[in-house]
Number of protein chains: 2
Amino acid sequence: MKRLNQSQLALLGLLSFGAMSGYDLKQLSDWSVGYFWRESYGQIYPHLKRLEADGLVARKTERGTGRRDRHEYRLTAAGKQTLQRWLAKPAAEEIPRNEMLLKVFFGDLVAPEFTVEHIARQKAQSEAELTAYAAVQKRIEGEQGSPRQKQHWLMTLRYGIHIAQAQMNWCEEMLKELK
Amino acid sequence: MKRLNQSQLALLGLLSFGAMSGYDLKQLSDWSVGYFWRESYGQIYPHLKRLEADGLVARKTERGTGRRDRHEYRLTAAGKQTLQRWLAKPAAEEIPRNEMLLKVFFGDLVAPEFTVEHIARQKAQSEAELTAYAAVQKRIEGEQGSPRQKQHWLMTLRYGIHIAQAQMNWCEEMLKELK
DNA sequence: CGTAGCATGTAAGTTGTTACATGATTCG
DNA sequence: CGAATCATGTAACAACTTACATGCTACG
């Protein structure tokens, strides 16, 4: 039984909200943690198999009514324990790669308009994110779940908002400087 | 001749500052773009070989005075063109994974102290980054290079500062809320 | 009748990290 | 004399993306 990776632990976390299929996990993760954590089907399905083999999740197959069979997974006691142990450990520091910044960094090799474009595009993206976050907030409030659970969801959302706003401020500053 | 990846283009970019060895590239990238772009030797050396085979960089070997041979690479005209074409293209949107946020997101499954710890650790990290950025700024000012080049370097540095400050603000807000 | 949604999965390819291997010189 | 710095490289592994394959149902 090899050590689990972050992806697998993230799936355990999502399953803590209730039994779900691989498909459901993708849908849920896309809107709930999609702005700081992405999973693809190419990862989800193999991971679920692996987690089941390790006894961390249990599968229940529903014969499809005409359509394809649906495999619903729920967290086992062992799975929950593994998850909680992971949650208690400090997160590793990671340096995300930023292609846009790299292009600004080397921007003196091309005409200034290109740098302006990169920054303007970033600004539009951050703006779009802020709009999306407002929608997510409404969705969270509508969702069922304990107040404490919602509080944690909203905390991560606030993080996204802080970052997006900082990006916008930076973009505006830089665009002014470049003019 | 397959398409180059971002890592290889980043190396071309760094070589635009002058001829360098693989070792030099690592040192330079660590302090200059290290806060948003990392390269490891395991990537650098194979990439340089590949770039040379493609005629984008040229190698000059200096017989080592006792020590190991040193391979210095410089950007060719073709390499510079490739780099400039890449700089003109818009950057792809990327969603960096954030383990710390994931742990806050699922934080209702463990005691509140753990969430506090994650956030406190983040705060300390962002603080440390801000200190490091001040040192980088001094280093940039001391470095030789055109004013325009320095301007671009400082722009990316400002980005780092904006983000680190936003992170600190978020941490402080959240710590207050959790008390 | 075409498209979107439900639903699961695999294979190939890409990209990246880490540990290992080697070895001289310089500084404290 | 040991550690740090200069210096290059490979091998094993880990992780992730994308395209492909399949096929039903509901809706417009």
Side-chain angles (χ1 to χ4, degrees), chain A residues 1-11 19-31 33-34 36-53 57 59-73 92-99 102, chain B residues 1-11 15 19-31 33-34 36-54 57 59-73 92-99 102:
Chain A
M1 182 141 76
K2 241 190 325 181
R3 223 176 87 263
L4 298 180
N5 64 28
Q6 294 183 338
S7 257
Q8 290 159 340
L9 287 155
L11 292 178
M20 264 178 273
S21 67
Y23 188 85
D24 294 336
L25 281 165
K26 174 86 172 114
Q27 310 309 305
L28 173 61
S29 68
D30 275 354
W31 76 263
V33 292
F36 63 83
W37 200 273
R38 286 278 160 103
E39 294 292 347
S40 65
Y41 289 125
Q43 294 252 101
I44 291 174
Y45 289 115
H47 281 340
L48 285 173
K49 250 187 196 165
R50 167 72 205 285
L51 292 170
E52 201 205 349
V57 302
R59 163 148 80 161
K60 195 177 67 181
T61 302
E62 285 165 26
R63 285 268 142 239
T65 55
R67 48 155 58 87
R68 219 173 218 259
D69 284 358
R70 180 188 151 89
H71 303 303
E72 214 180 49
Y73 295 87
E93 209 171 339
E94 43 206 318
I95 289 101
R97 288 180 156 199
N98 190 325
E99 188 189 344
L102 205 55
Chain B
M1 184 144 77
K2 242 188 326 177
R3 221 175 88 261
L4 299 180
N5 64 29
Q6 294 184 338
S7 258
Q8 290 159 341
L9 286 155
L11 292 178
L15 285 174
M20 263 178 273
S21 67
Y23 187 86
D24 294 336
L25 281 165
K26 174 87 172 114
Q27 309 309 306
L28 173 60
S29 68
D30 275 354
W31 76 263
V33 293
F36 63 83
W37 201 274
R38 286 278 161 106
E39 296 290 348
S40 64
Y41 289 124
Q43 293 253 104
I44 291 173
Y45 289 115
H47 281 339
L48 285 173
K49 251 189 195 165
R50 166 70 204 287
L51 291 170
E52 199 205 352
D54 288 354
V57 302
R59 164 148 80 161
K60 197 177 67 180
T61 301
E62 286 166 25
R63 287 267 141 240
T65 56
R67 50 154 58 84
R68 221 172 216 257
D69 285 359
R70 179 189 152 88
H71 303 302
E72 213 180 49
Y73 295 88
E93 210 171 339
E94 44 206 318
I95 289 100
R97 287 180 157 198
N98 189 324
E99 189 189 343
L102 204 55

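FYI, side chains are in, hydrogens and waters are out, and symmetry mates aren't considered; it's all heavy atoms of this structure. None of the values given here were measured: they were computed from a predicted structure. All chains are named by letter (A, B, ...) in the order of the sequence lines, taking the proteins before the strands, and each is independently numbered beginning at 1.
Here the P atom of nucleotide D/dT17 and the NZ atom of A/Lys26 are 9 Å apart, to the nearest Å. Taking atom CD of residue A/Glu72 and atom C1' of nucleotide C/dT8, one finds them 15 Å apart after rounding to whole Å. Following rounding to the nearest Å, B/Tyr45 (OH) and D/dT8 (C1') show an atom-to-atom distance of 5 Å. Nucleotide C/dT10 holds its P atom 13 Å from the NE2 atom of A/His47, rounded to whole Å. D/dT8 atom P lies 13 Å from atom CD of B/Glu52, rounded to whole Å. For the pair B/Glu62 CD and D/dT8 P, the interatomic distance rounds to 10 Å; values are reported in whole Å. Atom pair A/Ile44:CD1 and D/dC16:C1' shows a separation of 12 Å (rounding to whole Å applied). Distance, A/Arg70 CZ to D/dC24 C1': 15 Å, rounded to whole Å.
B/Asp54 places no side-chain N or O within 3.5 Å of a backbone atom of B/Leu51 that could act as its donor or acceptor partner. Formation of a donor-acceptor pair under 3.5 Å by the A/Glu94 side chain with backbone atoms of B/Glu99 is found in this model. The main-chain N or O of A/Glu39 is found under 3.5 Å from a side-chain atom of A/Lys26 such that the two form a donor-acceptor pair. Checking side-chain atoms of B/Arg38 against main-chain N and O of A/Arg97 turns up no donor-acceptor pair under 3.5 Å.
At the heavy-atom level, B/Arg50 lies nowhere under 4.0 Å from the strands shown.
Taken to the nearest 0.5 Å, the CD atom of B/Gln43 stands 7.0 Å off from the CG atom of B/Asn5. Between atom CD of residue B/Gln8 and atom NE2 of residue B/His47 there is a gap of 4.5 Å, rounded to the nearest 0.5 Å.
One finds no side-chain N or O of A/Tyr23 lying less than 4.0 angstrom from the OP1 or OP2 phosphate oxygen of C/dT8. Between B/Lys49 and D/dT8, a side-chain N or O to OP1/OP2 separation shorter than 4.0 Å is absent. Between A/Ser21 and C/dT8, a side-chain N or O to OP1/OP2 separation shorter than 4.0 Å is present. Note on B/Ser40: every side-chain N or O is 4.0 Å or more away from OP1 and OP2 of C/dG16.
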Contact list (N/O, under 3.5 angstrom) for nucleotides 11-15 of chain D vs protein:
unit_1 : atom_1 : unit_2 : atom_2 : d
D/dA15 : OP2    : A/Asn5 : ND2    : 3.4

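Mapping B/His71 and A/Glu39 onto DNA chain D via the closest heavy atom, the residue that lands nearer the 5' end is B/His71.
Between A/Trp37 and A/Gln6, some side-chain heavy-atom pair lies under the 4.5 Å cut-off.
Closest to the side chain of A/Pro46, out of C/dG16, D/dG9, C/dT10, is C/dT10.
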